[in-house]
Amino acid sequence: MRWRRKGGDLQAVWLREQCERRVDALGLPSRTKLSIDALCDHLSELSGRPIQLMPFALPLGSPDGLWVSAAGAEYVIYEQRLAPIHQQQVVLHELGHLICDHEATPVLTPEASRLLLPSLDPDLIRRTLGREHSQSSAEVEAEYIGTLIGRRIGAWTSEHVRPVPPEMQELAARLSALDNPAFRGSNE
């Protein structure tokens with residue numbers, strides 16, 4: 001992990017303690033296993049904003065997950081073709097960004113945002129497409145938060161069908177249009 005080596009042991013200890021405090025502050029049950037759905041319900045209650053999980057067949061080369069903060073809800077989009085345990089870690093990582101209230105790096109101008117997602121207000125997607133997907137401190141923090149919470153989560157199952165909310169249909173269509181089925185092994 002590049003980020004840890006740069007700052008040394010003190011930075012790693014500080015990050016671990018900060019993440020543990022954040023997770024403790026959530027007030028998650030400690031004696032029972034929590035489901036992803038129960039975790040989302042709990043986080044929704046704490047924030048006053050619903051959290052919806054949405055599986056998508058994401059385009060090749062895209063991240064395996066995205067967190068979209070819109071006016072009325074938080075959306076966690078994850079690659080539906082991943083193994084269930086990988087899906088769980090992706091969802092927990094994206095929830096880690098939400099828990100830490102990370103912001104996006106401003107790479108999309110409002111004009112570019114309107115071209116990509118014309119029906120959504122550019123301010124509503126400010127936290128999504130511009131976020132840096134690397135070994136930045138925010139990415140390491142979100143991954144560590146996800147790992148800590150993952151220890152309290154029961155087995156992930158992909159049995160739940162998660163419909164795409166109407167307000168996200170356009171984003172779903174645009175993401176699907178970017179995918180080339182030949183790269184994902186599809187025969188379409």
**OP:** Answer yes or no: does atom CD of Q80 have more than 12 heavy-atom neighbours from other residues, nucleotides or ligands under 6.0 Å?
**Re:** yes
**OP:** Give the intermediate values and the outcome of side-chain contact (heavy atoms from CB on, under 4.5 Å) for residues Q52 and V76.
**Re:** CA-CA 6 Å; Q52 294 193 16; V76 174; over 6 Å; no
Is the backbone of [Y] close enough, under 3.5 Å, to the side chain of [X] for a donor and an acceptor to pair up by distance?
X	Y	answer
H93	Y144	no
R49	A73	yes
E94	W67	yes

Nearest 0.5 angstrom please: [X] [atom1] to [Y] [atom2], how far?
X	Y	atom1	atom2	value
L26	L39	CG	CG	7.5 Å
E20	L15	CD	CG	9.5 Å
L148	D24	CG	CG	8.5 Å
I77	M54	CD1	CE	4.5 Å
L43	L95	CG	CG	6.0 Å

How close do [X] and [Y] get, counting heavy atoms only, and between which atoms?
X	Y	result
Q89	T147	NE2-OG1, 3.5 Å
I145	C100	CG1-SG, 3.8 Å
L58	E79	N-OE1, 2.8 Å
L34	P29	CD1-CG, 3.9 Å

Subject >> Any donor-acceptor N or O pair under 3.5 Å, side chains E141, Q18 >> reply: yes
Original post:
Does a donor on one side chain sit under 3.5 Å from an acceptor on the other, for E139 and H102?
Top reply: no
Side chain to side chain, [X] and [Y], heavy atoms closer than 4.5 Å:
X	Y	value
D64	Y78	no
I149	I99	yes
L53	C40	yes

Original post:
After noting the C-alpha distance and the side-chain angles of I36 and Q88, does the key distance pass the side-chain contact (heavy atoms from CB on, under 4.5 Å) rule?
Top reply: CA-CA 8 Å; I36 292 284; Q88 176 176 306; 4.2 Å; yes
Original post:
Does R16 have any side chain to side chain donor-acceptor pair (under 3.5 Å) partners at least two apart in sequence or in another chain, and if so, which?
Top reply: none
Subject >> CA sep, side-chain torsions, deciding dist, call: L28, H42, side-chain contact (heavy atoms from CB on, under 4.5 Å) >> reply: CA-CA 8 Å; L28 299 173; H42 183 76; 3.5 Å; yes
